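All remarks here apply to the structure that follows.
Naming convention: chains lettered A, B, ... in sequence-line order (proteins, then strands); numbering from 1 in each chain. What you are looking at is a predicted structure, and each value in this text was computed from that prediction instead of being measured.
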2 protein chains.
Amino acid sequence: MKGLMQNQPLLISSLLKFADRYHADTEIVSRTVEGPIHRYGYGEAAQRTRKLADALRRKGVGLGDRVATLAWNTFRHFELEHGVTGLGSVWHAINPRLSPAQISYIVNHAADKVLFLDASFLPLVETLAPGLPTLDAVVLMVARADMPKTSTLPSLLCYEEFIDSGQEEFEWPVFDELSASSLFYTSGTTGNPKGVLYSHRSDVLHCLSITGAYSMGFTARDTILPMTPMFHANGAWGFTHAAPMVGAKLVLPGPKMDGASVAELIDREEVTVTAGVPTHYANLLRHYEATGTQPPALRRIVVAGSAPAPSLIEGFERMGVSVHHIWGMTETSPSGTTSQPSRFAVTLDVDHQRERKASQGYPIYGIDVKIADEDGREKERDGNSGGRFMVRGPWVISGYFRDDKNVLQDGWFDTGDLAVMSGDNNIRLTDRAKDVIKSGGEWISSIDIENIVAGCPGVSEAAVIGIPHPKWEERPLLVVVPRPGADLSWNALVDFLEGKIAKWWMPDDVVFTESLSYGATGKIQKTELRRRYATHYTP
Amino acid sequence: MKGLMQNQPLLISSLLKFADRYHADTEIVSRTVEGPIHRYGYGEAAQRTRKLADALRRKGVGLGDRVATLAWNTFRHFELEHGVTGLGSVWHAINPRLSPAQISYIVNHAADKVLFLDASFLPLVETLAPGLPTLDAVVLMVARADMPKTSTLPSLLCYEEFIDSGQEEFEWPVFDELSASSLFYTSGTTGNPKGVLYSHRSDVLHCLSITGAYSMGFTARDTILPMTPMFHANGAWGFTHAAPMVGAKLVLPGPKMDGASVAELIDREEVTVTAGVPTHYANLLRHYEATGTQPPALRRIVVAGSAPAPSLIEGFERMGVSVHHIWGMTETSPSGTTSQPSRFAVTLDVDHQRERKASQGYPIYGIDVKIADEDGREKERDGNSGGRFMVRGPWVISGYFRDDKNVLQDGWFDTGDLAVMSGDNNIRLTDRAKDVIKSGGEWISSIDIENIVAGCPGVSEAAVIGIPHPKWEERPLLVVVPRPGADLSWNALVDFLEGKIAKWWMPDDVVFTESLSYGATGKIQKTELRRRYATHYTP
C-alpha cells in the first residue's frame with residue numbers, strides 16, 4: 001500500500017525556483033574574471049538561468065548530454081551549474097589545474113558537447129581544441145564588449161549573446177530524479193582521472209543534509225563565501241546548491257584567491273561562513289594578522305580537504321570564529337561527517353576539544369561508516385584499532401563513469417583512507433592507505449606526525465613519507481618547508497617531537513625544501529615526494 | 001542517463017538504525033503511565049524495537065497492515081512508532097480525545113489488525129471492542145506485573161511478553177520508499193474524521209527538513225521534549241523521527257501534562273527544546289512564574305497549532321528562551337513554514353519583530369505556498385491581499401485514505417486557512433475560511449482581534465465569532481474566559497481594543513464564560529461556539 005503524499009521528483013531546478021519565489025532580492029555577489037564586482041538577486045539569476053537553459057535546448061543539448069565548464073566561482077558559473085542540470089543535461093566542471101593532457105582526456109571521455117570557459121582559459125582551449133572532436137560549440141563567459149578580436153577557434157560564441165537566444169518563459173522540465181546531474185573527475189595520483197556522476201536525487205538529499213543544524217547549519221541570514229572552487233567536489237561542496245535552498249546570500253570570489261582579495265569580500269559583504277582547504281585559511285589568517293583587522297561578521301569556517309593545523313584553529317578562534325573541520329571526498333558528494341561537538345565532546349577539557357576539532361568528527365545520518373579489516377569485518381571502536389575507512393549511503397558513489405570496475409565491497413565504498421574510531425564514534429584519519437609507512441611490520445601514521453610538526457615554530461608546511469630502508473622495509477622521512485626567515489634545525493624538530501610520538505615513529509632524517517609537490521586540488525602529492533627522495537635511505 | 005550513486009530507499013527504519021549505531025548510549029527518558037521514570041539508550045531501544053517488529057511479523061502482521069495505538073508519549077509508544085513502520089506495516093496513532101463513536105469509526109475505517117493501548121484506555125477499549133471486528137489482537141502496553149487480574153477482553157496480551165516473542169536478530173526489511181508509513185485522522189468539526197496517510201519517503205524528507213538550521217535546528221547536543229502528543233500530526237510533529245536522526249536525547253512526558261510535572265522533566269533532564277501548542281506553554285509559564293524558577297537549559301520552544309499570544313512570547317523571552325512559532329497541519333506532515341527571522345526581519349524594531357514572531361513565518365524549501373483567489377490565481381504579496389492559503393510539496397497530502405474526493409486544485413492543496421503574505425514573503429493567517437466574519441460584505445479577521453484581546457489584563461482566553469445579524473449579515477461577538485479572580489468589564493475590553501482595530505471590527509457585544517469549546521486536538525471549536533450563541537444578535 002502506497003502513502004498518499006505528493007510524490008514530486010527531487011530535482012536541482014527546485015532549488016533556484018525556491019530562491020526565485022521567496023528570496024528574489026537576496027544577492028549573489030561575484031568578483032568577475034574581468035575585475036569588477038557584479039551583483040544581482042536570485043530573481044534575476046533565475047531569469048537568466050532559464051534563458052541559458054532554453055538557449056542550450058535550442059542548440060540541441062538534451063537530457064543526459066554533457067556540458068563542460070572551465071571557470072572560476074562567478075555568477076555565470078552559478079547560472080551554468082543550475083541551468084545545465086535544470087535542463088536535465090549533465091554539468092561537467094573541469095578542474096583547470098589538471099594537466100592539458102588530462103583535460104583533453106576527460107573532455108573526450110565525457111564526450112562533452114559544449115564547453116563554456118572563462119577568458120583566462122582561452123589560450124589553453126585554443127591549443128587543445130583540435131583534439132576535442134566531440135565539442136559542438138565553445139562559449140566564452142564574457143559580455144560582447146569583452147570578446148577577443150580574433151581567436152583560432154572558428155566559431156567562438158559569446159556567453160551574453162548565447163543566453164539572449166533563449167526565452168525567459170522557459171519552464172524547467174520534470175524528469176526522473178535518478179537522472180545524472182553533474183560529473184566531476186577525481187585526479188588520482190596514478191592513472192587517468194575517474195568520473196563521479198551525481199544524480200539529482202543524491203544532490204538534493206546531500207543538500208538537505210548539509211543545511212542541517214548538525215552540519216553546515218545554513219539559514220537565510222547567512223552570507224556564504226565558498227573559496228573552494230566550483231570545479232571541486234559537487235560545485236563547491238554543495239554550497240552553491242545550499243545557498244538558494246535556504247535563501248542565503250552568496251559571495252563568489254572569482255579568480256583572485258589571495259588573502260587580501262578574499263578578505264576584502266568577507267569584510268565588505270559581511271560574510272558569515274566560508275568553505276575552503278587549510279591553504280585558503282592560512283592565507284586569510286596571515287592577511288588578518290598582518291593588517292591587525294578582523295572579519296566583522298564571520299561566525300564559522302568550514303575546513304575540508306585535509307585537517308586544519310592547531311595553529312590555524314587557534315588563530316581563527318582568537319578572532320571569535322569557530323572552526324568546523326569535516327571529512328568528505330568527491331565520491332561522497334562530499335559531505336560525510338559533522339564537526340559539531342558531540343554530547344560527550346563538550347564535556348572534554350579545552351585541549352581535548354581542540355584535538356577533536358582537528359579530527360574528522362562523527363557520522364551524520366545518511367552516511368554509514370565502518371573501520372574494517374581487509375575482509376570488510378568491522379574493527380573495534382576503541383580509538384586505537386586502525387583499518388580501512390569505508391562508507392555507504394544515498395550520496396555515496398556506486399561506480400565511476402564509463403568504468404566497469406566494481407568499487408563496492410558488499411555495498412561499502414573504500415575511501416582509501418585509514419582511520420580509527422573512538423568509543424563515542426569520533427573518526428580520526430591516520431593515513432591514506434597508499435601513504436601509510438610500514439616499518440618493521442608495524443604501521444606509522446604520517447598524518448599524526450605531520451599534525452604535530454605543523455605546530456612547531458618556524459614550520460610552514462611538512463610532510464612525512466615512507467622511504468625504502470634496508471633494514472626496516474620503510475622508515476619515515478620528514479620533509480619540511482620552513483617559514484621565510486625561520487632558523488630551523490633537525491635538532492629543534494627532534495626536540496619538538498620528543499615525547500609527543502612513540503620513539504620508533506621518530507623520522508630517521510629531515511630534509512628542508514622550498515616547496516612540496518601538489519596535485520590539481522591543492523593536496524600534497526606524496527607519490528611525487530616519495531619519488532623525489534626514493535633513495536634517501538639506500539644511497 | 002542515470003547518475004552513479006547508491007540509490008537506497010528512504011525508509012524510517014534508517015533513523016533508529018543510525019541512532020543505534022552512533023548514539024547507542026544517548027538516552028530516551030519517559031515518564032511512564034504507571035508513574036516511575038524509565039530511561040534507556042537508543043541501543044536498547046533499537047534492540048527492543050527489532051524484537052517488537054519480529055513479534056508483529058510472527059503474529060501475521062505484514063506490509064501495509066494497520067497497527068493502531070491509543071497511547072501517551074512514552075518509550076513503548078516510541079518503539080511502536082519505529083517498529084510498526086520499520087516492518088513496513090502502517091502505524092495508526094489514534095487520538096484518544098476523539099469521541100468513542102469516532103474512535104470506533106476510524107478503527108473500522110482503517111481496518112486495524114492489532115491495537116496497542118496504555119492502561120488508562122482499557123475501560124474505553126473494553127466498551128468498544130465488540131464493535132471492532134477487524135482487530136486480531138489487543139495488547140496492553142505494560143509489564144506482566146501491571147496486567148489487570150481480569151478484563152472483558154478475552155485475549156488481552158501483555159506488551160512485554162509480546163515483544164519477548166520476537167528475536168532481536170531481526171533485520172529491517174527493505175521495500176519501496178513510497179509505501180505507506182503511518183495514518184493520522186484529522187478531526188474535522190463536521191463529518192467523519194479523515195485519514196492522512198504518510199509515506200516513508202515523505203517522512204524522511206520531512207525529517208531532513210525539520211532538522212535544518214532554518215527549521216527546528218536539532219543537533220546531537222539537544223534534549224528534546226515533545227509535549228505535543230505522538231497521536232497528533234506525524235508522531236509529535238516528526239520530533240520522534242528527528243531525535244534519532246540527529247542523535248538527540250529524547251524526553252517523553254507520558255500522561256502528566258500539568259505545568260509542574262512537565263517543568264520537573266525540563267529542569268531535571270536539562271531539556272533544550274520543546275514542542276507544544278499555546279495551552280501547553282501557558283501552563284508551563286504559569287508554573288515558572290508561580291515558583292519563581294527558570295528552566296536551566298531550555299533555549300527555544302516550538303509553538304504550533306495556533307499562534308502564541310504576545311504575553312506568552314514575552315514571558316518566555318524574559319527567561320532567555322526564544323519562541324519559534326511555525327505553521328503546519330496534519331496534511332503537511334506538518335512542517336510548512338519557518339519562524340527563523342529573515343534577513344529583512346532582523347532589521348525591524350523590537351515591536352515589529354515581536355509581531356513577526358506571532359505570525360506564521362516564511363516558506364521553507366519543499367513547501368511551495370500561494371495566497372489565491374477562488375480560481376487559484378495567486379494574489380499580490382503586499383501584506384494586505386487576503387486569500388486562500390494553498391500549498392504543495394513532497395510532504396503535502398495528495399488525497400485522504402479510502403476517500404475518492406479530489407483534494408488538489410492544479411496540484412495545490414487548500415489548507416482551509418485564509419492568509420496574507422507580505423512583500424518579503426511573511427505569511428499571516430487571518431482566519432480559518434469557515435470562521436471568517438462577513439460583515440456588510442467585508443471580511444473581519446477573528447484571529448487579529450483575538451490576538452489583541454489575549455494581551456488584555458485579566459483575560460485567560462478569548463474567541464471572536466461571527467453571529468447572524470439582521471442588518472450586517474454577521475457581526476463579531478467576543479467570548480471571553482476571565483482569569484480566576486479578575487474583574488473584567490465590557491468597557492475595559494472596549495477601551496483596550498480602541499484604536500488597535502478598525503472601528504467597524506469592534507465586537508458588538510461580549511459574553512463572559514467559564515470555558516470555550518475544544519476539539520480533540522485542543523483547538524477552540526468555533527462551530528460549537530457559533531451554535532451556542534447563534535441567536536445572540538437576533539433574539
Side-chain angles (χ1 to χ4, degrees), chain A residues 1-8 10 14-15 18 21-22 26 63-64 90 176 178-181 196-202 205 208-209 211-214 216-221 245-247 249 333 340-343 346 362-363 365 368 392-401 411 413 425, chain B residues 1-8 10 14-15 18 21-23 26 63-64 90 176 178-181 196-202 205 208-209 211-214 216-221 245-247 249 333 340-343 346 362-363 365 368 392-401 411 425:
Chain A
M1 186 170 68
K2 297 215 171 168
L4 289 167
M5 305 303 281
Q6 297 182 16
N7 180 26
Q8 303 171 348
L10 303 173
S14 64
L15 305 174
F18 172 79
R21 225 172 128 62
Y22 303 112
T26 298
L63 210 66
V90 177
D176 184 349
L178 296 177
S179 302
S181 58
V196 176
L197 191 66
Y198 300 122
S199 72
H200 284 260
R201 175 182 166 101
S202 71
L205 291 175
L208 278 165
S209 171
T211 60
Y214 52 88
M216 316 291 178
F218 300 130
T219 75
R221 292 191 310 289
M245 179 184 264
V246 303
K249 176 175 165 181
S333 293
Q340 288 281 344
S342 68
R343 191 170 278 273
V346 291
Y362 56 93
Y365 171 82
D368 203 7
R392 62 179 176 190
W395 51 91
V396 175
I397 190 176
S398 63
Y400 292 102
F401 182 52
F413 174 73
N425 304 306
Chain B
M1 188 171 66
K2 298 215 170 168
L4 289 168
M5 304 303 281
Q6 297 183 15
N7 180 25
Q8 304 172 347
L10 303 172
S14 65
L15 306 174
F18 172 79
R21 226 172 127 62
Y22 303 112
H23 299 275
T26 298
L63 210 68
V90 178
D176 184 351
L178 296 177
S179 302
S181 58
V196 176
L197 191 66
Y198 300 122
S199 72
H200 284 259
R201 175 183 168 99
S202 71
L205 291 175
L208 278 166
S209 170
T211 61
Y214 51 88
M216 315 291 176
F218 300 129
T219 76
R221 292 191 312 287
M245 180 183 265
V246 303
K249 176 174 164 182
S333 293
Q340 288 282 344
S342 68
R343 193 170 275 275
V346 291
Y362 56 94
Y365 171 82
D368 203 9
R392 64 179 176 188
W395 51 92
V396 175
I397 190 175
S398 64
Y400 292 102
F401 182 52
N425 303 305

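- In this structure, the portions of A:Val396 lying under 4.5 Å from any heavy atom of chain B include both its backbone and its side chain.
- For the options A:Asp368, A:Val246, A:Val196, heavy-atom pairs under 4.5 Å to chain B are most numerous at A:Asp368.
- To the nearest 0.5 angstrom, B:Ser199 atom OG is 11.5 Å from A:Met1 atom CE.
- Chosen from A:Leu197, A:Ile397, A:Thr219, the residue pairing most often with chain B at heavy-atom distances under 4.5 Å is A:Leu197.
- In this structure, CD on B:Gln8 lies 10.5 Å from OG on A:Ser398, to the nearest 0.5 angstrom.
- With values rounded to the nearest 0.5 angstrom, A:Leu178 atom CG is found 4.5 Å from B:Asn7 atom CG.
- In plain terms, the two heavy atoms of B:Tyr400 and A:Leu4 that are nearest each other are O-CD1, 3.6 Å.
- From A:Leu10, atom CG reaches atom CG of B:Leu205 across 5.5 Å, with rounding to the nearest 0.5 Å.
- Looking at A:Tyr362, the atoms closer than 4.5 Å to chain B (heavy atoms on both sides) all sit in the side chain, from C-beta outward.
- A 4.5 Å side-chain heavy-atom check between A:Tyr365 and B:Leu15 finds at least one atom pair inside the cut-off.
- A donor-acceptor pair under 3.5 Å is absent between the side-chain atoms of B:Gln6 and the main chain of A:Pro394, judged by distance alone.
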Could you go through A:Tyr214 and B:Thr211, starting from their C-alpha distance and side-chain angles, then the distance that decides it, and tell me whether this counts as side chain to side chain contact (heavy atoms under 4.5 Å, CB included)?
CA-CA 8 Å; A:Tyr214 52 88; B:Thr211 61; 3.4 Å; yes
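- Comparing B:Ser202, B:Pro363, B:Ser14 by how many heavy-atom pairs each has under 4.5 Å with chain A, the most go to B:Pro363.
- Across A:Ser209, A:Gly64, A:Gly411, A:Ser179, the residue that shares the most heavy-atom pairs under 4.5 angstrom with chain B is A:Ser179.
- Under a 3.5 Å cut-off, the side chain of A:Arg221 and the backbone N or O of B:Pro341 do form a donor-acceptor pair.
- Looking at A:Leu63, neither its backbone nor its side chain comes within 4.5 Å of chain B, counting heavy atoms on both sides.
- For A:Asp176, the part lying near chain B is the side chain, with the backbone staying farther off; criterion is any non-hydrogen pair under 4.5 Å.
- Counting heavy-atom pairs closer than 4.5 Å to chain A, the top-ranked of the candidates B:Thr26, B:Val90, B:Leu208 is B:Leu208.
- Both the backbone and the side chain of A:Phe401 come within contact range of chain B, judged by heavy atoms closer than 4.5 Å.
- How far OG of A:Ser333 is from CE of B:Met5: 3.5 Å, rounded to the nearest 0.5 Å.
- Both the backbone and the side chain of A:Arg21 come within contact range of chain B, judged by heavy atoms closer than 4.5 Å.
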